[in-house]
Amino acid sequence: MTGRPRGSWPLRLYAGLLTVLLAINVVGFTATETLRRLGPVPLGENITYSTLVVDRNGRLLRPFITKDGYWRLPVTSAEVDPRFVAMLIAYEDKRFFAHGGVDPWALARAVWQALSHGRIVSGGSTLTMQVARLLEPRPARRFTDKLAEMIRAIQIEQRLSKQEILDLYLTLAPYGGNIEGTRAASLAYFGKEPRRLSTAEGALLVALPQAPESRKPDRNPKAAAQARNRVIARLQGDGLVNRDQAEAASLEEAPAGRLAFPMLSPHVAERLARQEQPGAVIETSIDRDLQASLETLARERAIAIGSGVAAAILVADNQTGAIRAHVGGTGYFDSVRAGQMDLALALRSPGSTLKPFIYGLAFEDGAVHPETLIDDRAVRYGAYAPENFDDSFHGTVTVRTALQQSLNVPAMQILNVVGPDRLAARLANAGVRLVLPENAGPGLAVGLGGAGVRLTDLAALYVALARGGEPVALSWRMAERRNAQPLRRLFEPSASWMIGDVLKGAPAPQNALGGQIAFKTGTSYGYRDAWAVGYDGAVTIAVWVGRPDGAAVPGVVGRLAAAPILFEAFQRLGPARKALPPAPPGAVIARTNELPAALQRFRPNALPQVASMAEGEAPPAIAFPPDGARIELGPDPVLSLKVYGGTPPFTWLADGVPIAAREFRRDTFWEQAAKGFARLSVIDAKGKTASARVRVE
C-alpha cells in the first residue's frame with residue numbers, strides 16, 4: 001500500500017498559510033496604495049442641483065436643467081413616500097442601518113451565488129457603496145475600483161449620518177437619460193412629487209437605477225415593467241407587500257414615456273432664475289393652484305376670441321402688494337401668440353383705464369362729487385374734439401354715471417381743469433411713470449390712452465385705490481417686499497373710496513354678478529388693447545387682451561373681451577375673496593340736491609370753447625391716423641380709421657380708391673392696407689372732405 005510521502009502534509013499547510021499571508025499582504029498593500037491615491041472624501045458638497053422656483057407654500061413652479069445637462073432636484077427622505085424608502089432598503093440593502101458601509105454578509109452571499117451559478121446573481125453593494133460610486137464615478141469595474149468603492153463607503157459612513165447618506169442616494173440615483181434622483185424621476189415618469197407613490201410606482205423607482213438605460217420607460221417600457229414586477233415579487237416574498245397588493249401592482253400599466261416638468265408662471269421663473277446662482281431655491285409669492293387655474297383661463301378665452309390673440313392676468317394682494325398669480329401670456333411655447341414674451345410687462349395704450357385717477361384728483365380737490373352734474377356735449381380743444389365710444393352725447397349726467405359709462409367728454413373736461421401734468425406727476429409719485437413720445441409732455445390725450453403703461457403699472461395703481469390711496473410696490477418674492485422703497489400717497493382715503501364706490505356700480509358683463517368688485521375697462525385706439533382692472537377687499541386683478549404684435553383686433557373691447565376674464569378670475573379665488581371696505585371717516589355721502597351749491601353742477605372757471613356748429617354741421621376731420629403719422633402694421637394688414645365731425649355715412653379712400661363706403665360709425669378699418677406712402681381721405685354725406693398723408697410700414 002502506497003502512502004503519502006512523509007512530510008507532505010506540513011509542507012502543504014505551510015504553503016497554504018504562506019499563500020494566505022501573501023494574499024493578505026497583497027490586499028493590504030493594494031488597499032493602502034488605493035487609500036493613498038483616493039484623496040479627500042467626497043461628501044456631496046460639490047453637487048450642482050437644478051435651480052428651483054417654488055410658490056408661496058414651497059410647491060414647485062418650475063425647475064431648470066443644470067449646466068451639465070441634468071435634471072437633478074434636491075430631495076430628502078422626509079419628502080419621499082416612507083413606503084418607497086422601506087421598499088428601497090428592503091430590496092437594495094436590508095442591513096443598511098446596521099453595517100458600517102460594507103456588508104460582509106452581502107458580499108459573502110454574492111460570492112457564494114456567483115460560484116454556485118457560474119455567474120453574478122446579486123451584487124454585494126450597499127446603498128453607501130452606491131453613493132460612493134455616484135459621488136466618484138469610475139468607468140472601469142476592476143478589483144481596485146471595487147476596493148476603492150468599499151473604502152470610500154467606510155469613510156463616508158464615518159463622516160455622514162445614515163439619513164444624510166440616504167438623502168444623497170435619493171438625490172443622485174440614475175433613472176435614465178439626464179434624469180437623476182427620485183424626485184426628478186417621479187416628476188418625469190408620473191407627473192407628481194414623490195410624497196405619495198403607489199406600490200407599482202415605488203417598485204419601478206427601486207428597479208430603474210440598477211440598469212437605468214436599458215429599462216428607461218420612454219425607450220423600453222416592457223423591460224421597465226418586467227424589472228418592476230421582479231421587485232414586487234421579491235417584496236412580496238419578504239412580506240413587505242401582501243398578495244393582493246402585489247397582484248394589483250403587477251397589473252398596473254407602466255409609464256411609456258417622459259412627462260414635461262412643471263412650468264408654471266414661466267416668465268417670472270425665468271426672470272428670477274437669472275438673478276440667482278445656479279442651484280438656488282427661489283421662493284415666490286405665487287399661489288400654484290391659482291396660477292395654474294388662471295393660465296388655463298387665459299389660454300381658453302384668448303383662443304376663443306380669435307387667431308393670434310393673447311391674454312395676460314395679474315393678481316396682487318392688496319395688503320402687501322405680493323403677486324399671487326402672474327400670467328404673462330397664453331402658452332410659453334405658443335409661437336403664434338409670442339408665448340415667451342411677458343405681456344404683463346409690455347408697453348401698451350391703457351385706453352380709459354386711467355380715467356378713475358382723473359376723477360380722483362377732482363374728488364380730492366373738492367371740485368366734484370360722484371353726484372355732481374356734468375355736461376356731456378360737443379366740445380373742442382383747439383383741433384381736438386373728443387367723442388364718446390358710442391359716437392353720441394348724453395346731455396347732463398352725474399359724475400358717477402360719466403365714470404361708470406366711461407364717457408370721454410366729461411373726463412376731458414375735468415382733466416382740462418386738474419391738468420394732465422399734475423395727473424402724470426401724481427401717478428409717478430405712486431411709482432408709475434407714463435411713457436410718452438420723445439420730447440413730448442402730458443396732454444389731454446393721456447386721459448384716453450395717449451401714453452404707454454404696463455399691466456403691472458395698472459395693477460399697482462388699482463392696488464393703491466384698494467388700499468385707501470396708499471401705494472405699495474408690487475413684489476414677486478419676500479426679499480423684494482423687505483427692500484421696497486416707500487412711495488408717496490396717491491389719494492386721500494375719502495377720494496379713493498369714492499372712486500371705488502363709483503366703480504362698484506359699473507355695468508357688469510353679461511351673466512356676471514355686479515356690485516361686488518370695483519372695476520374699470522378700457523380699449524385703446526384701433527382695438528389693439530382691451531383692459532379690465534378690478535379689486536375687492538382682498539386682491540386686485542388686472543387683465544389685458546390683444547395681439548402681442550400690436551395689430552388691431554376688430555371688435556375686441558375691454559367690456560366684451562377682458563371684463564368676462566376679470567370676473568371669472570375673481571370667481572376662481574374662492575374663499576380668498578373679501579368685501580370692499582366701508583366709507584372712511586370724512587367721506588361725504590349725499591344726493592345731488594343735498595350737496596353744497598358749488599358741488600351740485602360742474603362749472604369750470606374756463607370751459608373749452610363749445611363747437612359753434614352742431615355736430616352734423618362741423619366739417620369732418622381725421623382723428624386717426626393723424627397727418628404725417630408713420631404706422632407700423634403687424635402680420636395682419638389692417639389699419640384703424642377714425643373721423644370726428646361731419647355727417648354720416650362716410651366714405652374712405654386711399655390714394656383716391658375707395659376702401660370703406662357708407663360707414664355710419666366714425667371708426668372703421670382699412671383692410672389689406674398697402675405699405676408705403678398713402679393719402680387717406682374721408683367724404684361725409686354732405687360732400688365735405690378731410691385728408692391726411694401717412695406712411696404705412
Side-chain angles (χ1 to χ4, degrees), residues 47-53 59-75 79-81 83-85 87-88 91-92 123 127 130-131 133-134 137 139 168-235 246 248-264 266 269 279 292 295 331-335 339-340:
I47 298 173
T48 56
Y49 295 106
S50 294
T51 299
L52 305 184
V53 180
R59 295 176 297 177
L60 186 63
L61 293 174
R62 183 181 179 185
F64 289 84
I65 200 166
T66 63
K67 286 188 175 181
D68 54 353
Y70 284 89
W71 295 103
R72 188 182 299 121
L73 282 62
V75 68
E79 299 168 317
V80 175
D81 192 325
R83 291 179 64 252
F84 163 73
V85 175
M87 292 165 64
L88 173 67
Y91 191 84
E92 287 283 359
L127 285 174
Q130 294 182 51
V131 168
R133 185 165 63 247
L134 294 170
L168 281 173
Y169 177 85
L170 294 175
T171 299
L172 298 176
Y175 282 94
N178 63 346
I179 298 176
E180 289 189 358
T182 304
R183 187 180 184 188
S186 182
L187 289 167
Y189 296 130
F190 311 135
K192 66 180 185 179
E193 295 281 1
R195 294 187 183 91
R196 293 290 181 268
L197 298 171
S198 69
T199 300
E201 291 168 344
L204 181 62
L205 294 183
V206 170
L208 288 181
Q210 298 171 357
E213 296 306 319
S214 62
R215 297 176 181 175
K216 287 172 58 178
D218 55 327
R219 293 288 183 87
N220 198 342
K222 184 177 180 180
Q226 290 173 344
R228 177 200 68 185
N229 291 345
R230 286 194 294 270
V231 172
I232 293 171
R234 169 92 70 83
L235 296 174
S250 298
L251 293 174
E252 191 172 311
E253 188 173 348
R258 281 174 55 168
L259 303 173
F261 283 90
M263 190 176 282
L264 291 169
E295 285 187 11
Y332 192 67
F333 296 108
D334 188 340
S335 58
Q340 297 188 30

Measure from the side-chain N and O atoms of [X] to the backbone N and O of [Y], and report whether any donor-acceptor pair falls under 3.5 Å.
X: T66; Y: T48; value: no
X: Y175; Y: T182; value: no
X: S50; Y: F64; value: yes

Exercise. Should we say atom OH of Y70 is surrounded by more than 12 heavy atoms from elsewhere, each under 6.0 Å from it?
Worked result: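 No, OH of Y70 has 12 or fewer neighbouring heavy atoms, counting only those of other groups under 6.0 Å.
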Answer whether the closest heavy-atom distance between the side chains of [X] and [Y] falls below 4.5 Å.
X: L205; Y: L197; answer: yes
X: Y332; Y: M263; answer: yes
X: N229; Y: I232; answer: yes
X: P194; Y: L187; answer: no
X: P266; Y: E295; answer: yes

Heavy-atom pair with the smallest gap, counting every atom of [X] and [Y]:
X: P63; Y: W71; result: O-CZ3, 3.6 Å
X: V75; Y: L170; result: CG1-O, 3.6 Å
X: R62; Y: L264; result: CB-O, 4.4 Å
X: A224; Y: L204; result: O-CD1, 3.6 Å
X: P174; Y: P212; result: O-CB, 3.7 Å

May I have the list of side-chain donor-acceptor pairs in residues 251-262 shorter than 3.5 Å, sequence neighbours left out?
residue, atom, partner, partner atom, Å
E252, OE2, S198, OG, 3.4
R258, NH1, N178, OD1, 3.0
R258, NH2, N178, OD1, 3.3

Problem set entry | Lys NZ or Arg CZ of R230 over Y91 ring: under 6.0 Å, within 45° |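 Here R230 fails the 6.0 Å and 45° test against Y91.
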Exercise. What's the verdict on side-chain contact (heavy atoms from CB on, under 4.5 Å) for L168 and L134, showing C-alpha distance, side-chain angles and the deciding distance?
Worked result: CA-CA 9 Å; L168 281 173; L134 294 170; over 6 Å; no
For this session: Would you mind listing every side-chain hydrogen bond (donor to acceptor under 3.5 Å, both in side chains) that reaches into residues 187-196, with sequence neighbours excluded?
Result: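 Every side-chain hydrogen bond (donor to acceptor under 3.5 Å, both in side chains) pair that includes a residue of residues 187-196, provided the two are not neighbours, is R183-E193, K192-E201.
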Suppose we screen for side chain to side chain donor-acceptor pair (under 3.5 Å). Which residues come up paired with [X], at least two apart in sequence or across chains?
X: T199; value: R83
X: Q210; value: E92, R215
X: D218; value: none
X: S214; value: none

Exercise. How long is the gap from CG on L61 to CG on L52, to the nearest 0.5 Å?
Worked result: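 One gets 10.0 Å once the value is rounded to the nearest 0.5 Å.
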Problem set entry | Flag for T171-R72: side-chain donor and acceptor within less than 3.5 Å |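 On atom types as modelled, these side chains do not qualify, holding no pair under 3.5 Å.
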